[in-house]
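Heavy-atom basis, side chains included; hydrogens, waters and symmetry copies ignored. We name chains A, B, ... by the order of the sequence lines, and we start the count at 1 in each one.
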Amino acid sequence: MNTVPQATRVRFAPSPTGFLHVGGARTALFSWLFARHTGGTFILRIEDTDFERSSDDMVAGILEGMRWLGMDWDEGPFYQSQRLEIYARTVARLIDSGHAYHCFCTREELESRRASAAEAGTVPRYDGRCRSIPQAEAAQRMAQGERAVVRFRVPREGVTTFQDAVFGPMEFANAELEDFVLLRSDGIPTYHLSVVADDLDMRMTHIIRGADHLSNTPKQVLLYHALGASLPVFAHLPLILGPDKTRLSKRHGATSVMAYKDMGIVPEAFRNFLALLGWSPGADAKQPNGPDREIFSTEELIRMFSLDGIAHSNAVFNNDKLAWYNTEYVRAYDPSLLLPLVEEEWRAVDYQPSRDREEILAAIALLQPRARSLKDFASAFLAYFGDRFAMDAAAVKKFLSDAEVRQMLAELGRQYAKLENFTEASTEELLRAFAAEKGIKAGALINGARVALTGQAVAPGLFAVMLYLGQQRVVSRLEAAASLTVE
RNA sequence: GGCGCUAUCGUCUAGGGGUUAGGACGUGAGAUUCUCAAUCUUAAAACACGGGUUCGAUUCCCGUUAGCGCUACCA
C-alpha cells in the first residue's frame with residue numbers, strides 16, 4: 001500500500017460521569033504525548049450521551065484536571081450532546097444500506113429473555129428477532145407511536161479482524177457478537193455509534209484508549225466497514241489497578257487526579273510517574289554508567305514516546321513511587337518556580353507569610369532538601385516564613401521536656417543577643433562553648449534549640465537555620481522556650 | 001458461562017535461545033551524629049506451573065492455573 005505521510009489526529013474522549021480519574025488521565029497523557037511526538041493534533045471530545053449520569057460539573061472537573069497536568073488540546077472540547085444530527089444521519093445511512101434495522105423489543109422483554117437464557121445456561125445474546133421486519137412495516141409501527149431502537153445487523157458468520165498497535169493482530173468471530181444497539185428509543189446514540197461517527201467525522205488517525213475497549217472494537221470495526229470507511233490505528237492501553245490488583249476505583253482512595261494536587265503533588269511529578277505506568281522508554285533510559293533513568297522532562301517524554309513501548313499487562317498504581325517522584329521534583333525545582341505553587345497551598349490554609357520575597361525564596365531553598373510535598377511548606381515548615389507557627393507536640397516532648405534544658409536555651413538566647421558577628425560559625429562556636437561550660441552535651445542543646453526555633457524535630461542544619469532566621473528571631477524564640485509548658 | 005487480554009523481585013519495569021537476569025520504588029543492615037522524612041554504603045528479593053521445539057529455554061509454541069477486561073436502550 002502506498003501510504004502518504006499523514007498528520008496524526010488523536011483524541012481524548014472522556015465521559016463526564018465522574019472527575020478526571022487516574023486511568024483517564026493516563027489515557028489522555030499517552031494520547032497527548034503521541035500527538036505531540038508526531039506533531040499531530042490533539043482533540044478533546046466530551047462523550048456526554050449518557051444524560052442521566054453526565055454533568056457540567058464533571059466536565060469542568062475534567063478540564064481542570066487536563067490543565068493541571070499541562071495537557072493542552074488543539075481542538076474542542078466538542079460535546080457529543082450537541083452533535084446529535086451527525087449520529088442520526090449516520091444511522092439513516094446504515095438503515096438505508098441494510099446494515100441496521102429497527103427493533104421493537106422492550107427492555108422488559110429483553111431482560112426476561114436474558115434471565116431465562118442465564119437460567120438455561122446459554123449465552124444471553126439478542127436473538128435478532130426483529131431483523132426481518134420490513135422497513136415499511138417498521139415505519140408504520142413507529143408512526144403509530146411504537147418505540148424502537150436501531151440495531152446493527154452483525155454478520156452471522158465470518159470473523160472481524162484488526163491490527164492493534166499494542167496487542168497485535170486481533171480476530172473475533174462475528175457469531176460472538178450480538179446485534180448491538182446503535183440508537184436508543186429516545187433517539188440518543190449509544191457509545192458504539194457516536195464514537196465511530198465522531199472519529200470518522202473528526203478524521204481521527206489513531207484511537208488510543210483503555211484495554212477495556214478491546215472487546216468492543218470488533219463492533220466498531222464492523223461499523224467502519226458498513227460505512228465504507230477505512231480503519232484508524234487502534235492502540236489499547238493496559239489498565240491501571242489498585243494495590244489489591246483489582247481495577248482502580250474509589251475503594252482505593254484517591255481516584256481523581258485533583259485529589260493528588262490536594263495532597264501536595266506537583267503536576268510534573270504526577271505526569272512523569274503516570275508516563276512510566278504502562279510505558280517504558282526501553283533503551284532510551286539506559287545510561288552507560290549508573291542506573292536507568294527514571295526522571296524525564298516533558299520534552300524528553302514527548303521525544304521518546306512511542307506506541308511500541310506500551311506494556312501489555314496491567315500495572316498497579318504505586319503510591320510510594322509517586323511520593324518518591326514528588327520528592328525528586330519538589331527538591332529540584334528552582335525556588336522561584338516552586339513559590340507560586342507554595343503560595344497556592346498557603347492560600348488554601350489561609351496563611352500569610354510575614355517575610356519578604358527574597359527571604360521566602362531563601363527559606364524555600366533551605367527547606368527543599370528535606371521537603372517531600374507542597375504540603376510541607378504549608379504546615380511543618382511554617383516557622384521559616386513568619387512568626388505564626390505551631391510547636392509539634394512530639395518534638396517538644398522529645399527534646400524540650402527537661403525544664404533545665406529550657407532554662408539553658410533561654411540563657412543561650414540572651415548570650416546570642418550579645419553576639420556581635422552573628423554567623424553560622426560564631427553561633428555554633430558559642431553554643432558549643434556554652435554547652436561545655438554547662439556540662440551538657442552540645443547535641444542535647446542543639447536538638448532543643450531546633451525545636452524551640454522551628455517547632456519541629458526535623459530541620460536543616462541548626463546553624464544554617466539560625467543564620468536564616470536572624471539574630472532577633474533566634475533570641476526571642478530561644479527565650480520563649482523558658483515559658484513553654486510541657487505536659 | 002462465552003469471548004478476549006496478560007503473566008520477570010512486594011510494586012513499576014529492562015532484557016531476551018547460552019546473562020552473575022539489569023535498574024527504580026519500597027524493605028532490612030550499617031555509616032554519619034546536630035535532628036531526619038537528609039546523605040552515603042550495603043543486603044535480601046523475580047523469570048507462575050506442566051509439556052513440547054532445541055545441543056541449550058526465563059525468552060519460541062501448546063496447555064494448565066491465576067488475574068483482569070468485555071459480554072446494557074453505560075461509556
Side-chain angles (χ1 to χ4, degrees), chain A residues 13-17 47-50 52-54 103 105-107 110-111 114 118 121-126 147-151 164 166-167 170-173 175-178 180-186 188-192 194-195 209-219 236 238-239 241 243 245-247 273 276-283 285-287 290-295 311-325 327 331 369-372 376 380 395 398-399 428 431 441-447 449-451 454 456-463:
Chain A
S15 167
T17 54
E47 309 223 324
D48 56 351
T49 53
D50 184 346
E52 300 287 309
R53 301 195 300 148
S54 298
C103 167
C105 300
T106 64
R107 286 172 203 260
L110 294 169
E111 263 163 47
R114 262 197 291 273
T122 58
V123 180
R125 202 176 282 140
Y126 176 68
R147 309 263 280 174
V149 300
V150 175
R151 285 182 187 273
D164 190 273
V166 173
F167 292 104
M170 302 294 304
E171 181 178 303
F172 291 81
E176 295 293 334
L177 274 25
E178 68 173 355
F180 53 96
V181 173
L182 296 173
L183 207 61
R184 300 184 259 202
S185 53
D186 58 3
I188 304 301
T190 62
Y191 171 68
H192 296 300
S194 58
V195 76
R209 70 205 338 179
D212 46 341
H213 287 294
L214 201 53
S215 305
N216 289 148
T217 307
K219 295 177 190 165
H236 287 94
L239 304 179
L241 311 177
K245 303 210 177 186
T246 65
R247 203 177 175 177
F273 168 71
L276 269 65
L277 244 200
W279 173 77
S280 161
K286 291 289 178 197
Q287 297 187 116
D292 297 354
R293 297 187 54 200
E294 307 277 339
I295 305 285
H312 293 198
S313 47
N314 297 340
V316 173
F317 189 92
N318 185 345
N319 270 306
D320 284 336
K321 190 132 189 190
L322 205 213
W324 174 77
Y325 270 110
T327 302
R331 291 180 189 176
R370 251 156 273 258
R372 302 185 67 83
D376 287 334
K398 187 169 177 191
F399 294 117
E428 177 161 8
L431 183 141
K441 282 204 296 194
L445 231 39
I446 287 171
N447 288 334
R450 171 176 299 106
V451 178
T454 70
Q456 299 290 324
V458 173
L462 182 68
F463 304 102

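Residues passing the side chain to side chain donor-acceptor pair (under 3.5 Å) test with R372(A): none are found, sequence neighbours excluded. Checked against side chain to side chain donor-acceptor pair (under 3.5 Å), Y126(A) has no partners two or more places apart in sequence or in another chain. Remark: R247(A) engages D212(A) in a side chain to side chain donor-acceptor pair (under 3.5 Å) (not counting sequence neighbours). In this view, E294(A) and L276(A), K321(A), W324(A), Y325(A) satisfy the side-chain contact (heavy atoms from CB on, under 4.5 Å) rule, not counting sequence neighbours. Judged as a ring pair (Phe, Tyr, Trp, His ring centres under 6.0 Å), and not counting sequence neighbours, F172(A) has no contacts. For K286(A), the side chain to side chain donor-acceptor pair (under 3.5 Å) partners two or more places apart in sequence, or in a different chain, are D292(A). The side-chain contact (heavy atoms from CB on, under 4.5 Å) search around A380(A) returns Q456(A), not counting sequence neighbours.
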Next on the checklist: What does the B/S/- profile of nucleotides 45-50 of chain B look like, 5' to 3', with a 4.0 Å heavy-atom cutoff to protein?
Outcome noted: ------

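Put simply, H312(A) has no side-chain N or O that comes within less than 4.0 Å of OP1 or OP2 on C5(B). Listed pair R184(A) / A75(B) meets the phosphate criterion, a side-chain N or O lying under 4.0 Å from OP1 or OP2. Residue R151(A) places at least one side-chain N or O under 4.0 Å from the OP1 or OP2 atom of C73(B). Considering only side-chain N and O atoms, R247(A) lies under 4.0 angstrom from the phosphate OP1 or OP2 of C70(B). Contact check, R125(A) against G1(B): no side-chain N or O comes under 4.0 Å of OP1 or OP2.
Spacing between C68(B) and G56(B) at atom P, rounded to whole Å, works out to 38 Å. Distance check on atom P: G16(B) versus C3(B) gives 33 Å, rounded to whole Å. As rounded to the nearest Å, C47(B) and C74(B) have P atoms that lie 47 Å from one another. Nucleotides U53(B) and G17(B) are separated by 11 Å at their C1' atoms, to the nearest Å. Nucleotides G23(B) and U41(B), compared at atom P, are 13 Å apart to the nearest Å. Atom name C1', nucleotides C60(B) and G4(B): the rounded distance is 22 Å, in whole Å. Spacing of C1' atoms, G22(B) relative to A38(B), comes out at 28 Å, to the nearest Å. Using C1' as the reference atom, U39(B) and U59(B) are 40 Å apart when rounded to the nearest Å.
Closest to the Y191(A) side chain, of the nucleotides A75(B), A72(B), C5(B), is A75(B). Taking the side chain of L110(A) as heavy atoms from C-beta on, and the options U6(B), C73(B), A24(B), the nearest nucleotide is C73(B). Picking from C25(B), U71(B), A75(B) the nucleotide with the shortest atom distance to the side chain of E47(A) gives A75(B). Comparing C36(B), C74(B), A75(B) by their closest approach to the side chain of H213(A) singles out A75(B). The side chain of V181(A) approaches C73(B) more closely than any other nucleotide in the set C73(B), U35(B), G4(B).
Base-pair partner of U35(B): not found among the strands shown (Watson-Crick or G-U wobble, both distances under 3.5 Å). Nucleotide A44(B) forms no Watson-Crick or G-U wobble pair with any nucleotide shown, as no partner meets the under 3.5 Å limit on both distances. G16(B) is unpaired under the criterion used here, namely a Watson-Crick or G-U wobble arrangement in which both key atom distances are under 3.5 Å. Base pairing analysis places A66(B) opposite U6(B); the two distances defining the Watson-Crick or G-U wobble pair are each below 3.5 Å. Shown here, G1(B) forms a base pair with U71(B); the pair counts as Watson-Crick or G-U wobble because both key distances fall under 3.5 Å. In this structure, A24(B) and U11(B) make a Watson-Crick or G-U wobble pair, each of the two defining distances being under 3.5 angstrom. Across all strands shown, nothing is found opposite G56(B) as a Watson-Crick or G-U wobble partner with both distances under 3.5 Å.
Between the side chain of S185(A) and the base of C73(B), at least one donor-acceptor pair of N or O atoms lies under 3.5 Å. One can find a donor-acceptor pair under 3.5 Å joining the base of A75(B) and the side-chain atoms of N216(A).
Spacing between atom CE of M170(A) and atom C1' of G69(B) amounts to 11 Å, rounded to whole angstrom units. Between the CG atom of D186(A) and the P atom of C73(B) there is a distance of 13 Å, rounded to whole Å. A72(B) atom C1' lies 15 Å from atom CG of D212(A), rounded to whole Å. Rounded to whole Å, the distance from NE2 on H236(A) to C1' on C70(B) is 11 Å. Rounded to whole Å, atom P of C25(B) lies 9 Å from atom OH of Y325(A). The distance from atom CD of E171(A) to atom P of G2(B) is 19 Å, rounded to the nearest whole Å. Summarising the geometry, the separation between CD on E52(A) and C1' on A75(B) is reported as 14 Å, rounded to the nearest angstrom. Rounded to whole angstrom, the span from the CZ atom of R372(A) across to the C1' atom of U39(B) amounts to 14 Å.
Each of S15(A) and K219(A) was matched to the nucleotide of RNA chain B holding its nearest heavy atom; the match closer to the 5' end belongs to K219(A). Of the residues near RNA chain B, H192(A) and L214(A), the one whose nearest nucleotide (by heavy atom distance) lies more toward the 5' end is L214(A).
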Pairs: protein N or O with nucleotides 10-20 of chain B N or O, under 3.5 Å:
| unit_1 | atom_1 | unit_2 | atom_2 | d |
| --- | --- | --- | --- | --- |
| U11(B) | OP1 | K245(A) | NZ | 2.7 |
| C12(B) | OP1 | V316(A) | N | 2.9 |
| C12(B) | O2' | L276(A) | O | 3.2 |
| U13(B) | OP1 | G278(A) | N | 2.6 |

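Residue-level contact check: R331(A) touches the backbone only, with heavy atoms under 4.0 Å from sugar-phosphate atoms and none from bases. Using a 4.0 Å heavy-atom distance criterion, G461(A) is classed as a base contact. As judged by a 4.0 angstrom heavy-atom cut-off over every strand, R147(A) is placed among residues making no nucleic acid contact. Among the atoms of the strands shown, none is found under 4.0 Å from any heavy atom of E111(A). If you check every strand for non-hydrogen atoms under 4.0 Å, F172(A) touches sugar and phosphate atoms only.
The main-chain N or O of F399(A) is never found under 3.5 Å from a side-chain atom of N447(A) such that the two would form a donor-acceptor pair. The main-chain N or O of V181(A) is found under 3.5 Å from a side-chain atom of T190(A) such that the two form a donor-acceptor pair.
A donor and an acceptor atom, one from each side chain of R370(A) and T327(A), are nowhere located under 3.5 Å apart.
Remark: aromatic rings of F180(A) and Y191(A) are distant, center separation not under 6.0 Å. Taking the six-membered ring for Trp and the full ring otherwise, F167(A) and H236(A) have centroids separated by 6.0 Å or more.
Residue R293(A) qualifies as enclosed at atom CZ: its count of foreign heavy atoms under 6.0 Å is above 12. More than 12 non-hydrogen atoms from other residues, nucleotides or ligands lie less than 6.0 angstrom from CD of Q287(A).
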